[in-house]
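Beneath this line is the structure, given in structure tokens, with notes to follow.
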Amino acid sequence: MVRRFLTLSPVISRLNLNPGIFLAASPSLRLQRQNLKPKISIISPSSASTFQRTRAYTTRTRGSSSLPRSESWKLDDDGLVVLGIETSGDDTAAAVVRGNGEILSQVISSQAELLAQYGGVAPKQAEEAHSRVIDKVVQDALDRANLTEKDLAAVAVTIGPGLGLCLRVGVQKARRVAGAFNLPIVGVHHMEAHALVARLVEHELSFPFMALLISGGHNIIVLAHELGQYTQLGTTVDDAIGEAFDKTAKWLGLDLRRSGGPAVEQLALEGDSKSVMFNVPMKNHKDCNFSYAGLKTQVRLAIEAREIDAKCPVSSATKEDRRNRADIAASFQRVAVLHLEEKCERAIDWALKLEPCIKHMVVSGGVASNQYVRSRLNNIVENKNLKLVCPPPSLCTDNGVMVAWTGLEHFRVGRFDPPPPAIEPDDYVYDLRPRWPLGEEYAQGRSEARSLRTARVHPSLTSIIRAADSLHQQTQTSQ
Ligand code: KG4
Ligand code: ZN
């Protein structure tokens with residue numbers, strides 16, 4: 001069945017985008033965030049919406065056969081329970097989330113020790129680390145939720161962007177669980193998950209809204225029109241802000257066991273943020289793109305000029321040496337965030353022209369757990385009469401909850417794949433998308449520097465969904 005979907009079109013792939021699925025499921029998808037009740041709801045197998053969903057589900061997944069009636073409860077909105085699996089980067093994470101937003105469990109196994117030991121993790125090492133713990137992480141997530149696989153409505157898993165070898169571990173596990181228990185599967189975009197988890201936290205957050213997504217590998221600002229529909233207003237032309245935090249921490253000899261960002265944030269509290277004069281990047285670019293490679297170089301030169309030895313941990317540094325390091329940390333953080341502030345201000349102006357009714361700006365991704373980032377961006381957003389929505393730090397850094405929640409959002413509107421076979425052939429090619437843009441680039445914000453680096457990039461999530469929708473419409477009109 002999965003393979004048959006693949007032959008429909010090169011852009012409509014295994015990622016839950018079969019137009020037939022969408023067609024069947026859409027009538028019952030009027031669910032609004034406001035309708036989601038804050039407590040566990042009673043399962044009602046006889047409701048009209050349950051019937052619709054059950055029909056939609058069986059139409060696509062089983063052909064002429066149908067789901068046993070007893071399974072129809074799984075498709076009731078609040079009764080939906082989804083397992084989310086995340087392995088795109090350094091963390092192996094899983095969580096179980098209910099359709100009403102209740103987090104039933106959340107488990108994360110971090111590779112921070114490896115990071116601290118080697119100053120970075122090679123893809124092969126990271127893959128091995130994920131493989132070692134994935135079964136346990138998923139089992140723990142189910143146990144802590146007090147559920148078994150049989151209680152799940154679907155499995156959601158990050159399929160990109162990220163390291164291919166790492167993504168593979170999560171996808172393979174998700175397909176094994178889904179295959180063994182006959183569950184549909186939802187392929188999730190990691191950056192969309194960072195943005196949408198804000199809707200689990202803030203019930204008022206409805207589309208359209210803006211999102212600044214700042215992590216170790218990504219630095220994007222998007223306008224979220226609706227689920228799966230994003231315009232990318234800006235991105236980084238080189239490094240992301242998280243990478244600049246991580247390198248600054250490494251060169252300053254900080255403890256990397258909790259990743260570099262928190263270590264820099266903490267040391268910065270002791271420093272004078274105006275003592276080292278770093279230049280704010282891209283001052284002359286009237287767009288919403290970012291650049292952190294130059295700032296990284298400025299930091300490195302400042303560290304060299306002060307003869308700071310990264311091999312000497314900050315905990316053993318002299319008072320003066322520690323003061324120098326703190327000044328660099330604080331000055332770096334101020335300028336790195338100033339760059340975000342300037343670009344966000346412009347992006348909000350652009351976004352309000354495109355969607356004047358925007359009320360919220362989401363800031364998410366690992367770097368959004370930084371308190372200085374949150375308070376500075378809050379000022380910018382409030383000055384523009386918008387409300388800042390920042391998930392709590394534990395949901396800003398990589399986690400399984402955001403994947404489960406994004407899976408739920410797409411599952412409700414009928415975007416998912418049928419259960420994989422219980423035993424997958426050895427030569428099965430997984431649908432992994434290491435380089436996968438979230439939205440379509442806004443023409444005014446296009447960066448020439450970045451456009452040169454687009455080889456082997458997957459079509460964006462937004463373009464895939466649009467293609468599926470238009471195919472669906474064509475099917476409708478020709479019927
Ligand atoms: O989203 P995330 O957990 O993983 C990726 O998708 O990359 O983001 C990780 C990044 C790392 O670069 C880490 O140093 C940074 O987020 N980070 C922070 C803080 N906490 C995590 N950066 C600055 N301040 C923090 N408190
Ligand atoms: Zn992330």
Side-chain angles (χ1 to χ4, degrees), residues 84-93 95 106 108-112 114-116 119-121 123 126 130 157-163 166-167 170 188-198 211-220 235-236 239-252 254-269 290 292 295-296 299 329-330 332-337 339-340 362-377 390-403 405-406 434-436 438:
I85 299 176
E86 158 63 42
T87 61
S88 68
D90 307 334
D91 298 314
T92 315
Q106 156 152 245
I108 299 181
S109 167
S110 161
Q111 296 180 15
L114 276 179
L115 275 168
V121 175
H130 284 302
V157 60
T158 303
I159 62 169
L163 290 168
C166 297
L167 291 166
V188 169
H189 191 294
H190 181 82
M191 299 314 287
E192 185 182 42
H194 272 307
L196 294 189
V197 75
L212 171 70
L213 306 173
I214 38 181
S215 66
H218 297 270
N219 210 115
I220 57 174
T235 184
T236 181
D239 294 329
I241 184 170
E243 154 72 13
F245 266 98
D246 290 339
K247 284 293 176 327
T248 300
K250 185 177 166 190
W251 297 331
L252 286 176
L254 307 190
D255 181 353
L256 301 177
R257 273 174 299 183
R258 280 174 57 224
S259 85
V264 172
E265 180 182 12
Q266 202 181 352
L267 186 64
L269 295 172
F290 303 89
Y292 282 97
L295 181 57
K296 255 169 59 181
V299 168
F332 155 74
Q333 182 174 258
R334 186 179 72 82
V335 171
V337 178
H339 186 31
L340 293 180
V362 170
V363 180
S364 185
V367 183
S369 47
N370 179 300
Q371 294 304 324
Y372 181 76
V373 169
R374 291 159 95 101
S375 82
R376 296 294 300 192
L377 289 173
C390 260
S394 64
L395 295 181
C396 280
T397 45
D398 287 354
N399 63 84
V401 172
M402 67 184 198
V403 179
W405 178 254
T406 303
R435 299 189 62 198
W436 189 20
L438 179 58

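Both ligands and their constituent atoms are indexed starting at 1 by order of listing.
Among protein heavy atoms, atom 9 (C) of ligand 1 sits closest to Gly216 N, 3.8 Å. Ranking protein heavy atoms by distance to atom 26 (N) of ligand 1, first place goes to Glu265 OE1, 2.8 Å. At the top of the distance list for atom 23 (C) of ligand 1, counting protein heavy atoms only, stands Gly261 CA, 3.5 Å. Here the protein heavy atom with the shortest distance to atom 13 (C) of ligand 1 is Ser259 OG, 3.5 Å. Scanning the protein heavy atoms around atom 24 (N) of ligand 1, the nearest turns out to be Asn370 ND2, 3.1 Å. Of all protein heavy atoms, the one closest to atom 15 (C) of ligand 1 is Val367 CG2, 3.8 Å.
In this structure, the separation between CG on Leu295 and OG1 on Thr248 is 7.0 Å, given to the nearest 0.5 Å. In this structure, OG1 on Thr236 lies 12.0 Å from CD1 on Ile214, to the nearest 0.5 angstrom.
The shortest side-chain heavy-atom distance between Phe290 and Leu340 falls under the 4.5 Å cut-off. Side-chain contact between Glu243 and Tyr292 is absent, with no heavy-atom pair separated by less than 4.5 Å. For the pair Ser88 and Met191, the minimum side-chain heavy-atom distance is 4.5 Å or more.
Close N/O approach between Glu243 and ligand 1 is not found [any backbone or side-chain N/O within under 3.5 Å]. Close N/O approach between Ser369 and ligand 1 is found [any backbone or side-chain N/O within under 3.5 Å]. In terms of polar-atom proximity, defined here as any N/O pair under 3.5 Å, Gly365 makes no such contact with ligand 1. For ligand 1, one of its N or O atoms has an N or O atom of Gly366 under 3.5 Å away.
Contact between His190 and ligand 1 is present, with at least one heavy atom of the residue lying under 4.0 Å from the ligand. For the pair Gly89 and ligand 1, no heavy-atom separation below 4.0 Å is found. Taking a 4.0 Å cut-off on heavy atoms, His194 registers as neighbouring ligand 1.
Considering only residues two or more places apart in sequence or on other chains, Asn399 meets the side-chain contact (heavy atoms from CB on, under 4.5 Å) condition with Gln106, Ile108, Leu395, Val401, Met402. Applying the ring pair (Phe, Tyr, Trp, His ring centres under 6.0 Å) criterion to His218, with sequence neighbours excluded, gives no partner residue. For Ala211, the side-chain contact (heavy atoms from CB on, under 4.5 Å) criterion is met by Ala195, Phe209, Leu213, Val222, Val362, not counting sequence neighbours.
Looking only at distances, a side-chain donor or acceptor of His189 sits under 3.5 Å from a matching main-chain atom of Trp436. Using a distance-only test at 3.5 Å, with no hydrogens or angles considered, a donor-acceptor pair links the side chain of Glu265 to the main chain of Gln371. Judged by distance alone, with hydrogens and angles left aside, the side-chain atoms of Ser364 form a donor-acceptor pair with the main-chain N or O of His194 at under 3.5 Å. Looking at Arg374, its side chain does come within 3.5 Å of a backbone N or O of Ala368 through a donor-acceptor pair.
Close approach to Gly242 involves these atoms of ligand 1, each under 4.0 Å from a residue heavy atom: 12 (O). Annotation for ligand 1: atoms under 4.0 Å from non-hydrogen atoms of Gly217 are 7 (O). Close approach of ligand 1 to Asp246 is summarised as follows: ligand atoms under 4.0 Å from at least one heavy atom of the residue are 11 (C), 12 (O), 13 (C), 14 (O).
Checking Val373, Asn399, Asp398 against atom 3 (O) of ligand 1, the nearest heavy atom belongs to Asp398.
Neighbouring protein atoms of the Zn ion (ligand 2) (N, O or S, distance under 2.8 Å, waters ignored): His190 NE2, His194 NE2, Asp398 OD1.
Closest heavy-atom contact between Phe245 and Gln333: CE2-OE1, 3.8 Å.
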Exercise. Can you list the steps and then say if Val264 with Leu254 is a side-chain contact (heavy atoms from CB on, under 4.5 Å)?
Worked result: CA-CA 8 Å; Val264 172; Leu254 307 190; 4.0 Å; yes
